Number of protein chains: 2
Amino acid sequence: MRPPNTGVGGASTINDVARLAGVSIKTVSRVMNDEPNVRQETRDKVQEAATLLHYRPNLLARSLAGSRSFLVALFYDNPNPAYITELQKGVINRARGSGYHLLVEPQDSHAPDLARQITNLLATIRLDGIILSPPLCDMAVVLQAIEAAGVPYVRVSPFLNPDRSPCVRMDDAQAAYELTRKLIEMGHTDIGFVLGHPEHGGAHQRYEGFVRALREDGMEPRPEWTRQGYFSYESGVEAARAILAPGTKHPTAIFASNDYMALGVMAHAQQAGLRLPDDLSVAGFDDAPGALRTWPPLTTVRQPVEDMAYAAADLLLNRNDAGADQDRMLPFALIMRESVRAR
Amino acid sequence: MRPPNTGVGGASTINDVARLAGVSIKTVSRVMNDEPNVRQETRDKVQEAATLLHYRPNLLARSLAGSRSFLVALFYDNPNPAYITELQKGVINRARGSGYHLLVEPQDSHAPDLARQITNLLATIRLDGIILSPPLCDMAVVLQAIEAAGVPYVRVSPFLNPDRSPCVRMDDAQAAYELTRKLIEMGHTDIGFVLGHPEHGGAHQRYEGFVRALREDGMEPRPEWTRQGYFSYESGVEAARAILAPGTKHPTAIFASNDYMALGVMAHAQQAGLRLPDDLSVAGFDDAPGALRTWPPLTTVRQPVEDMAYAAADLLLNRNDAGADQDRMLPFALIMRESVRAR
DNA sequence: ACGATGCTTGATAGCGCTGTCATTAAATGA
DNA sequence: TCATTTAATGACAGCGCTATCAAGCATCGT
């Protein structure tokens with residue numbers, strides 16, 4: 001018996017619109033959801049009434065009654081703010097157009113009860129889809145929990161079981177290969193490598209591409225110039241300290257698996273008295289935004305994170321398009337800057 | 001007529017729990033919401049049944065039926081990934097404990113129909129609260145739209161109408177004042193300043209604190225050493241180019257209103273042949289994480305972004321606690337690093 | 001002309017929960 | 001002791017929407 005609400009401060013309901021348009025609420029529902037089988041005339045009448053009343057369908061009611069929640073979530077456990085925000089941007093850009101909203105759900109990948117937490121979350125909110133980024137996208141317990149709940153998901157840059165779900169990725173191995181080729185072409189034969197976080201897919205593939213390029217020229221990676229890193233600046237410093245240990249021969253170039261580590265390498269090298277890029281060339285990976293404001297500017301690979309996230313959301317929201325491409329490989333770009341110099 | 005669902009892949013409902021516990025669904029509801037007036041014995045019985053069935057109340061149904069949606073949103077229009085992710089972290093940390101979830105809703109502060117977009121959003125999803133960060137928190141149309149919808153909100157670091165809503169802030173002016181005092185104490189009398197983005201509150205206050213410190217020693221800011229910046233690295237470079245123009249006397253220190261600009265200043269100074277910190281001291285503001293991996297490490301002010309976001313969420317979720325502190329001022333910390341040297 | 005077909009529309013039953021209010025059981029007082 | 005309060009529980013009506021299914025109504029072929 002509530003009067004139709006046309007004023008500020010309260011939403012009007014589908015009932016108000018139906019009454020004003022002189023149709024049933026079901027017809028309003030049809031119009032709002034762009035369903036077929038409504039006469040154009042009726043459609044216009046409803047649209048007009050809806051506009052007049054500033055009607056916006058209530059998302060929660062739609063979710064409860066229908067089969068869609070208009071909610072997608074991004075699961076991540078990654079300390080890299082630039083990566084996270086780019087992912088979010090990509091997802092939101094795609095989702096908004098379809099009336100979807102983004103829930104951000106950072107997860108602790110080392111929590112012992114991670115699976116239970118995810119199960120609880122999915123029982124609490126019926127999500128229309130989940131986007132998984134490394135390292136969560138490669139954790140069996142996570143995939144199991146999501147699959148058990150029957151929620152569709154897309155993985156970004158996974159390295160395990162690529163066929164288990166739709167995936168979006170770039171060719172990390174090829175990118176590392178091409179960048180390494182460049183280094184070789186520029187006269188570098190002694191190249192160090194800083195490995196990425198072993199739990200993150202791209203890391204392995206980047207190393208693989210590096211090795212492939214070396215072998216093509218009959219070279220092998222040298223163990224003393226290959227160090228484990230963890231995608232952090234500090235681990236880059238650490239690795240550089242080992243690779244550039246005083247009193248040992250050191251490489252003419254170091255390829256770090258991501259930009260933060262490359263920055264760490266550069267910082268250590270400079271403090272160790274090496275001049276960049278003359279004494280040492282450094283290359284990174286990711287094209288991290290803040291990471292390029294250094295001197296000399298860093299040679300790197302642009303990883304299209306935002307585009308991958310957009311594509312992931314697209315895969316999620318177009319899921320019905322039968323048999324469409326369930327996987328997308330996005331292009332990378334080599335970005336040659338001054339941190340690399342020919343010998 | 002659906003059988004109770006105890007297996008994997010589907011959620012059990014309040015009905016299932018009620019039946020198993022031998023009580024009405026209302027009693028289950030009471031227990032799940034920690035409402036009073038339920039016998040302990042009954043409570044235990046219900047809890048046990050709920051545990052057995054892995055029951056999780058459906059958030060959407062709760063929202064629709066009740067007065068809470070368990071959803072808070074973060075509105076922002078800020079290109080700084082570190083700032084955004086810290087805000088998110090703070091909000092999520094507080095919200096999760098109370099069963100709340102975070103919706104991220106970046107808004108284009110320059111969109112002509114911003115108010116309408118927000119109104120639409122709020123009509124679509126009933127949010128339990130909104131956290132507004134600069135520059136949105138200082139836009140009248142935004143506040144109006146939110147107030148019209150009757151949604152509670154908390155502002156982080158606003159500078160307009162501080163009494164219009166609960167706010168969380170730090171004392172930007174005092175921080176800038178104290179840092180400037182340090183510079184003066186270290187023998188700097190010729191200090192340049194790079195202003196922050198004029199649409200962001202902190203910017204004005206930082207300048208104000210700077211000027212106050214100068215005046216206390218009978219100095220005045222010099223116009224030719226004071227440049228407008230926009231919180232971006234590039235604008236820092238630009239400002240430095242102007243302040244350090246060749247053939248003019250230049251200051252012995254430059255205080256930039258944030259770290260990105262400070263980095264820009266440092267980069268330009270170094271390229272212009274100045275040695276840091278010997279020829280020029282540089283100070284920033286924010287303690288941006290990536291921004292400190294530079295040489296020399298940057299002297300700055302730590303802005304407790306995550307804590308402010310946590311406090312903002314706390315203010316939102318504790319709103320009922322009558323007359324409690326509706327504003328919170330969080331402490332900052334001066335971080336003296338090597339980019340500043342005594343004359 | 002008649003049912004058959006397909007397009008439009010509406011009545012109605014929920015989705016899973018909370019709010020309100022009535023009801024019952026227990027506790028208290030005179 | 002019985003009336004009076006207070007605690008504990010349940011019945012039931014929605015929240016605002018979608019799904020199902022049935023009904024209305026043209027158009028069509030034979």
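The structure displayed is predicted, hence computed values, not measured ones. To find a chain, count down the sequence lines: A is the first, B the second, and so on, and within it residues start at 1.
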At under 4.0 Å, does any side-chain N or O of B:Arg39 touch on OP1 or OP2 of D:dA8? no
A:Asn15 CG to D:dC17 C1', straight-line distance once rounded to whole Å: 9 Å
Which one, C:dT18, C:dT9, D:dC17, comes nearest to the side chain of A:Thr27? C:dT9
Side-chain heavy-atom pair B:Pro162, B:Arg169 within 4.5 angstrom cut-off: yes
What's B:Ser63 touching, base or sugar-phosphate or nothing? Going by heavy atoms closer than 4.0 Å. nothing
Nearest to the side chain of B:Val23, which nucleotide is it out of D:dC15, D:dG10, D:dA19? D:dG10
Distance check: side-chain N/O of B:Asn37 vs OP1/OP2 of D:dT9, anything under 4.0 Å? no
Whole angstrom value for the distance that separates P of D:dA11 from CD1 of B:Ile14: 13 Å
Counting only side-chain heavy atoms from C-beta out, which of D:dA11, D:dC17, C:dG16 sits nearest to B:Ser24? D:dA11
Length of the CG-C1' vector between B:Asn33 and C:dG19, whole Å: 11 Å
Between P of D:dC17 and CZ of A:Phe70, the distance in whole Å: 12 Å
With nearest nucleotides of DNA chain D determined for A:Leu60 and A:Lys26 from heavy-atom distances, which residue corresponds to the more 5′ nucleotide? A:Leu60
Test side chain to side chain contact (heavy atoms under 4.5 Å, CB included) on A:Leu102 and A:Gln88; report intermediate values, then the result. CA-CA 8 Å; A:Leu102 175 66; A:Gln88 293 181 355; 4.2 Å; yes
Name the residue closer to the 5' end of DNA chain D, choosing between B:Gly22 and B:Gly66 according to the nucleotide with the nearest heavy atom. B:Gly22
Given D:dT18, C:dG19, D:dG16, identify the nucleotide with an atom nearest to the side chain of A:Ser29. D:dT18
Measuring from the side chain of A:Thr42 (C-beta onward, heavy atoms only), which nucleotide among C:dC17, D:dC17, C:dT9 has the closest atom? C:dT9
Assign B:Ile25 to base, sugar-phosphate, or nothing according to its heavy-atom contacts below 4.0 angstrom with the strands shown. base
Distance-only side-chain donor-acceptor flag, A:Glu306 / A:Asn93, under 3.5 Å: yes
Residue that, paired with A:Tyr153, satisfies side chain to side chain contact (heavy atoms under 4.5 Å, CB included) out of A:Val72, A:Leu127, A:Leu132: A:Leu132
Using a heavy-atom cut-off of 4.0 Å across all strands, would you classify B:Pro57 as base, sugar-phosphate, or nothing? sugar-phosphate
Considering every strand and a 4.0 Å limit on heavy-atom distances, what is the contact class for B:Asn58: base, sugar-phosphate, or nothing? sugar-phosphate
Looking only at side chains, do B:Ser69 and B:Arg126 share a donor and an acceptor under 3.5 Å apart? no
Distance check, rounded to the nearest 0.5 Å: B:Ile118 atom CD1 versus B:Met139 atom CE? 8.0 Å
C:dC15, D:dG14, C:dG10: which one has an atom nearest the side-chain heavy atoms of A:Ala65? C:dC15
Suppose the criterion is ring-ring contact (aromatic ring centres under 6.0 Å, His included): which pairs have a residue in residues 74-126 of chain B, not counting sequence neighbours? B:Phe70-B:Tyr100
Please name the pair of heavy atoms, one in A:Val156 and one in A:Pro134, separated by the smallest distance, quoted to 0.1 Å. O-CD, 3.3 Å
Taking the axis from the first five pairs and the axis from the last five, what angle separates them in the helix from C:dA1-D:dT30 to C:dA30-D:dT1, rounded to 10 degrees? 40°
B:Arg30 has its side chain closest, among C:dT18, D:dT18, D:dG10, to D:dG10
Which nucleotide in the list C:dG16, C:dT18, C:dG10 gets nearest to the side chain of B:Thr13? C:dG16
How many whole angstroms separate atom NZ of A:Lys45 from atom P of C:dT8? 14 Å
By nearest heavy atom, map A:Ala61 and A:Arg43 onto DNA chain C; which one lands nearer the 5' end? A:Arg43
Considering all heavy atoms, the nearest A:Asp138-A:Ser157 contact: OD2-O, 4.2 Å
Roughly, in whole Å, what's the span from OH in B:Tyr55 to C1' in C:dG16? 7 Å
Distance in angstrom units between A:Gln40 CD and C:dT9 P, rounded: 11 Å
Between C:dC17 (C1') and B:Arg126 (CZ): distance, integer Å: 12 Å
